[in-house]
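The structure appears right after this line, and notes come after that.
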2 protein chains.
Amino acid sequence: MSHVSVAVTVDIVIFALRDNDLQVLLVKRKYPPYQGLWAIPGGYVQANESLEDAAARELREETGISVENPANGAAHPGATVPYIEQLYTFGDPGRDPRGRVITVAYFALVPAPLAIQAGSDASDAEWKPVRSLPRMAFDHAQIVRYALKRLRYKLEYSAVGFQLLPPVFTLSELQRAYETILGETLDKRNFRRRILQAQVIEETGQYQAGEGRPAMLYRFREDAVAEVKARRLFP
Amino acid sequence: MSHVSVAVTVDIVIFALRDNDLQVLLVKRKYPPYQGLWAIPGGYVQANESLEDAAARELREETGISVENPANGAAHPGATVPYIEQLYTFGDPGRDPRGRVITVAYFALVPAPLAIQAGSDASDAEWKPVRSLPRMAFDHAQIVRYALKRLRYKLEYSAVGFQLLPPVFTLSELQRAYETILGETLDKRNFRRRILQAQVIEETGQYQAGEGRPAMLYRFREDAVAEVKARRLFP
DNA sequence: TCAAAAGTGTTTGTGGTACACCCATGG
DNA sequence: CCATGGGTGTACCACAAACACTTTTGA
């Protein structure tokens with residue numbers, strides 16, 4: 001009847017768009033169990049930190065990206081704040097051969113330009129495309145699958161998609177991001193109309209030069225962060 | 001760096017429709033902390049049970065209602081299986097004055113006829129209307145609020161609502177259930193058209209006599225359990 | 001002047017919402 | 001025959017989906 005000893009970890013599925021692909025940050029395990037296999041970053045919850053703090057700490061340790069506490073107001077101008085959200089808690093006995101370990105899984109979205117440095121230096125962390133993930137330790141394959149499902153789902157009725165883009169972006173870049181994540185192509189005219197009607201982005205007045213005609217640069221509207229009320233908002 | 005000792009509990013928000021009202025099952029705490037205050041049922045996760053098993057056990061201990069394992073196929077005919085789903089994991093340090101306790105919260109829906117006996121006998125468990133909840137222990141008020149939000153939300157795009165009704169029911173009963181949970185009135189003709197179009201219920205061929213004209217009895221279609229694809233399905 | 005990407009409107013179908021009366025039964 | 005709750009249809013509007021060409025720039 002009394003309580004048994006269990007360890008609690010926080011694991012975090014970190015998504016980013018890189019090379020026109022949706023990728024996840026994985027770390028290679030140095031020690032048993034599952035030595036040499038890939039895993040999602042995570043670690044034990046410390047005595048005096050909340051679960052959210054633990055997840056933010058893991059994200060910082062693995063990517064160098066800090067999550068500003070929403071309580072402190074918005075980040076410095078131009079900084080896109082990474083998005084973190086609790087995903088699910090996995091606690092089957094036997095999911096960790098060392099004993100009873102329950103993990104609270106989070107998922108995070110980091111904006112494209114920040115993701116370029118993250119995990120690249122020295123360490124044993126690497127970005128892997130979700131299309132072709134390696135064999136993974138523990139039940140981490142299941143956790144990533146679930147995170148991907150949730151990401152796709154939220155894309156349809158909220159504005160999380162913007163969290164994967166740089167502070168300013170073109171509509172074509174935004175559409176490519178959506179197509180990459182959803183794994184399907186979208187109609188350009190319908191996409192643009194819906195996004196603009198939703199009033200979640202605004203023109204910067206700047207243009208981006210490129211191969212063809214220059215494209216208007218847009219930014220995400222801060223006051224549109226709140227999840228959108230009813231219906232699918234985006235394709 | 002190594003892991004600290006934390007206790008893990010499972011708490012469960014149990015909803016039922018009683019007296020034309022949405023109610024939650026609460027237990028009165030016999031010992032400190034928060035002695036005498038109301039709390040949602042819960043307890044420590046045991047060594048060899050999964051989180052789902054722990055939640056099902058709590059539900060059974062508090063209400064006497066067993067959750068059939070979906071792996072074992074459908075329940076015996078006529079038995080409406082209570083619905084259980086993981087809600088969120090709460091783990092702020094300081095949420096329990098005795099030490100670090102992380103709780104994995106679940107929410108459950110039990111069908112009306114079963115709810116009548118549950119918690120009524122002797123024990124310190126009582127059904128309380130969500131409209132007027134008493135002061136509650138720990139962060140349980142927050143947990144119930146969140147569960148209610150999730151329930152209302154899911155009602156709009158899935159078929160969970162049926163889990164609160166008896167195995168057969170009239171369309172008016174179903175509509176009243178929706179109205180009770182959502183806290184708003186719905187148009188009768190639109191409600192009926194949408195529910196019937198969705199093909200989640202079917203006629204039983206039986207009628208229920210009452211004050212006025214007898215009403216067709218319907219049952220929930222087993223093969224419609226899956227969550228529904230796009231759009232709001234129900235009012 | 002050509003390649004490459006940006007940008008732009010209209011039509012058609014479907015689903016949501018608003019709205020008021022007749023029907024079957026028991027007392 | 002009347003009170004009570006059960007049951008039904010239509011018109012309008014908003015939004016989703018399908019669909020192809022013109023514009024601007026750099027090479």
Side-chain angles (χ1 to χ4, degrees), chain A residues 20 152-153 155-159 161 165-166 168-180 182-219 228-235, chain B residues 20 152-153 155-159 161 165-166 168-180 182-219 228-235:
Chain A
N20 260 343
R152 286 186 172 147
Y153 186 70
L155 214 57
E156 294 183 347
Y157 70 91
S158 82
L165 291 173
V168 300
F169 48 85
T170 68
L171 284 178
S172 295
E173 286 168 351
L174 182 61
Q175 183 176 347
R176 264 193 299 277
Y178 270 79
E179 290 176 335
T180 299
L182 295 175
E184 56 185 294
T185 62
L186 303 170
D187 180 85
K188 184 157 61 156
R189 283 164 295 185
N190 292 337
F191 181 82
R192 292 163 107 90
R193 182 165 354 97
R194 291 179 71 171
I195 294 285
L196 293 173
Q197 267 178 10
Q199 308 220 292
V200 287
I201 61 175
E202 59 190 7
E203 298 188 352
T204 61
Q206 312 279 71
Y207 288 85
Q208 181 175 71
E211 292 249 329
R213 172 174 171 177
M216 173 62 77
L217 284 166
Y218 289 84
R219 76 170 72 85
V228 226
K229 308 131 263 289
R231 279 348 104 76
R232 292 174 67 157
L233 184 51
F234 302 123
Chain B
N20 260 344
R152 284 186 173 146
Y153 186 70
L155 214 58
E156 293 183 347
Y157 70 91
S158 80
L165 292 173
V168 299
F169 49 85
T170 68
L171 284 179
S172 295
E173 286 167 350
L174 182 61
Q175 183 175 349
R176 265 193 299 278
Y178 270 79
E179 289 176 334
T180 300
L182 295 175
E184 56 185 293
T185 61
L186 303 170
D187 180 85
K188 184 158 62 159
R189 281 165 296 184
N190 293 338
F191 180 82
R192 292 164 106 89
R193 178 160 6 91
R194 290 180 74 171
I195 294 286
L196 292 173
Q197 266 178 11
Q199 308 220 292
V200 286
I201 61 175
E202 58 190 8
E203 298 188 352
T204 62
Q206 312 280 71
Y207 287 85
Q208 182 175 69
E211 292 251 326
R213 172 175 169 177
M216 173 62 78
L217 285 165
Y218 290 82
R219 76 171 72 87
V228 227
K229 311 131 260 292
R231 281 347 107 71
R232 292 175 64 157
L233 184 51
F234 302 125

Over all atoms of both residues, closest heavy-atom pair of A/Leu174 and A/Leu165: CD1-CD1, 3.2 Å
A/Leu174 CG to C/dG7 P, straight-line distance once rounded to whole Å: 12 Å
Separation of D/dA16 C1' from A/Ile195 CD1 (nearest whole Å): 14 Å
Nearest-Å distance for atom pair CD/C1', residues A/Gln197 and C/dT8: 14 Å
Heavy-atom pair with the smallest gap, counting every atom of B/Asp187 and B/Gln175: C-NE2, 4.0 Å
Qualifying side-chain hydrogen bond (donor to acceptor under 3.5 Å, both in side chains) pairs with a residue from residues 203-214 of chain B, counting only residues at least two apart or across chains: none
Annotated protein contacts, base or backbone, on nucleotides 3-13 of chain D with a non-hydrogen cut-off under 4.0 Å, one of B, S, - each: -BBBBBBB---
Pair B/Phe191 and B/Tyr178, ring centroids less than 6.0 Å apart: yes
d(CD, A/Gln208; P, C/dG7) in whole Å: 10 Å
For A/Arg219, salt bridge (Lys or Arg N to Asp or Glu O under 4.0 Å) partners two or more places apart: A/Glu202
Nearest heavy-atom neighbours spanning A/Glu179 and A/Leu186: OE2-N, 2.8 Å
